[in-house]
Protein chains: 2
Amino acid sequence: MLLLPALAASHHFIRQAVKPGDVAVDATVGNGHDTCLLAELVGPAGRVYGFDIQPLALSRAAERLAEKGLSGRVQLCPAGHERLKEHLPEECRGNVRAVMFNLGYLPGSDKTVKTKAETTVSALAAALDVLAPGGIITVVIYTGHPEGKTEQEAVYEWASRLDQRHVQVAVYQFLNQVGNPPSLLVIEKSL
Amino acid sequence: MLLLPALAASHHFIRQAVKPGDVAVDATVGNGHDTCLLAELVGPAGRVYGFDIQPLALSRAAERLAEKGLSGRVQLCPAGHERLKEHLPEECRGNVRAVMFNLGYLPGSDKTVKTKAETTVSALAAALDVLAPGGIITVVIYTGHPEGKTEQEAVYEWASRLDQRHVQVAVYQFLNQVGNPPSLLVIEKSL
């Protein structure tokens, strides 16, 4: 299939953007799949910072990273992604190659704990702030749960006002699918 | 830049879809750039059918194809794309790997002659009809000219009603650009 689902499309962009030795951020660790991808791409000389407020998410991710021998290059932070800037070492700010967001709730967990419009937008602004020139932010957005539509609207509204001289914002989404398939937003900082 | 403009993104999908020996259609020949791309991708064993109602477009395209030594594998048809089905040989119907649409008017020409919502939608339906399983249609849509918005709405409306069991439809567009940048619609027929 040529038309990738949103999550796979986000990986397509991340694989192009992240190189060995880079610094990257997983803003929504969840079960750690994206954290592992980033850790593999940055290699042993790179560094990944992962954020999640749920202990269950961080313990699952830590286990997955350990299984793959990737723990040494990843720092998991038990904090909301809206605080990502303060958790990054000074030398990483303005030097982050990619930040991944996978919104909604942790699969197989308490569905009342999920990302929210206000903190998501704060986190996106913080992510843009620490991004290196030429770096990207990917945001996979789910609208199938209550509040998902509101979150999507808030994210689109914020992103559509970004100055095109400094940032490009594109969306990729399916038009004809029932069941609210996720959409992908990609934000690229100009060089 | 990782985020390709709509036209370049359409080429990205076409390069993945079209292989040597394939049959492909350029539904809006214009200056023949996309016709040349398709002719190169199908190779000497393949076949490209190109449609345009403007003699100037077809003569420019014929010249470009001749310069590149690609004329032998391309048939240029002086007809509107809504009639593409009747111009394709029987054995090509249901066997077309890709159809490219680049809507709007012919660059550097009479801007009153442009694609229109009604015939564009008829042409898309005809293109979908002749497409091979796994084949794709790319549509680059310009909304910067009068009637462009109406055409985009008609195309989106038609495409969003396609049955997802047989066809996938995705859109790719920029969110934060002034000046109405084009958007890309990709239609993929299921295998």
Side-chain angles (χ1 to χ4, degrees), chain A residues 1-6 8-10 12-19 97-98 124 128 131-139 141 152-153 155-191, chain B residues 1-6 8-10 12-19 97-98 124 128 131-139 141 152-153 155-191:
Chain A
M1 216 173 70
L2 287 178
L3 286 177
L4 300 173
S10 77
H12 164 81
F13 284 103
I14 289 294
R15 285 180 190 282
Q16 287 181 74
V18 181
K19 304 283 178 244
R97 181 59 40 196
L124 285 168
L128 190 52
L131 210 61
I136 65 164
I137 301 170
T138 59
V139 193
I141 309 174
Q152 183 181 53
E153 278 165 26
V155 169
Y156 279 26
E157 159 66 17
W158 171 79
S160 64
R161 284 186 285 106
L162 295 172
D163 187 335
Q164 67 170 328
R165 288 172 300 179
H166 308 305
V167 183
Q168 304 294 316
V169 183
V171 289
Y172 169 79
Q173 58 194 73
F174 286 88
L175 263 196
N176 72 327
Q177 293 189 354
V178 295
N180 302 301
S183 61
L184 171 66
L185 187 89
V186 183
I187 299 171
E188 182 173 9
K189 201 172 198 170
S190 302
L191 281 173
Chain B
M1 217 174 69
L2 287 179
L3 286 177
L4 299 174
S10 78
H12 165 82
F13 284 104
I14 289 294
R15 286 180 190 283
Q16 287 182 74
V18 181
K19 304 283 178 246
R97 181 59 40 195
L124 284 167
L128 189 53
L131 210 61
I136 65 164
I137 301 170
T138 59
V139 193
I141 308 174
Q152 183 182 53
E153 278 165 24
V155 169
Y156 279 26
E157 158 67 16
W158 171 80
S160 65
R161 282 185 287 108
L162 295 173
D163 187 335
Q164 67 170 326
R165 287 171 301 178
H166 308 305
V167 183
Q168 303 294 316
V169 183
V171 290
Y172 169 80
Q173 59 194 74
F174 286 88
L175 262 197
N176 72 327
Q177 292 188 354
V178 294
N180 302 302
S183 62
L184 171 66
L185 187 89
V186 182
I187 299 170
E188 181 173 10
K189 201 170 197 170
S190 303
L191 281 172

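Chain naming here is simple, since letters A, B, ... match the order of the sequence lines and numbering starts at 1 in each.
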Does the side chain of A/V139 come within less than 4.5 Å of A/V186's, by heavy atoms? no

Any side-chain heavy-atom pair from A/M1 and B/E188 closer than 4.5 angstrom? yes

Please classify the contact of B/L184 with chain A as side chain, backbone, both or neither, using a heavy-atom distance under 4.5 Å. neither

If only atom types and distance count, is the side chain of A/N176 paired as donor or acceptor with the main-chain N or O of B/A159 below 3.5 Å? no

Pick whichever of B/S183, B/G134, B/A170 has the most heavy-atom pairs under 4.5 Å with chain A. B/A170

For residues B/Y172 and B/S10, is any side-chain donor paired with an opposing acceptor at under 3.5 Å? no

For each of A/Q168, A/Q16, A/R161, tally heavy-atom pairs with chain B at distances under 4.5 Å, and name the one with the top tally. A/Q168

Only pairs of heavy atoms separated by less than 4.5 Å count here; which of A/D163, A/V169, A/V167 has the most with chain B? A/V169

Nearest heavy-atom contact between A/I141 and A/Q152 is CG2-CB, 3.7 Å

With only heavy atoms counted, which part of A/L191 is less than 4.5 Å from chain B, the side chain, the backbone, both or neither? neither

Which atoms of A/I136 approach chain B - backbone, side chain, both or neither, heavy atom under 4.5 Å: side chain

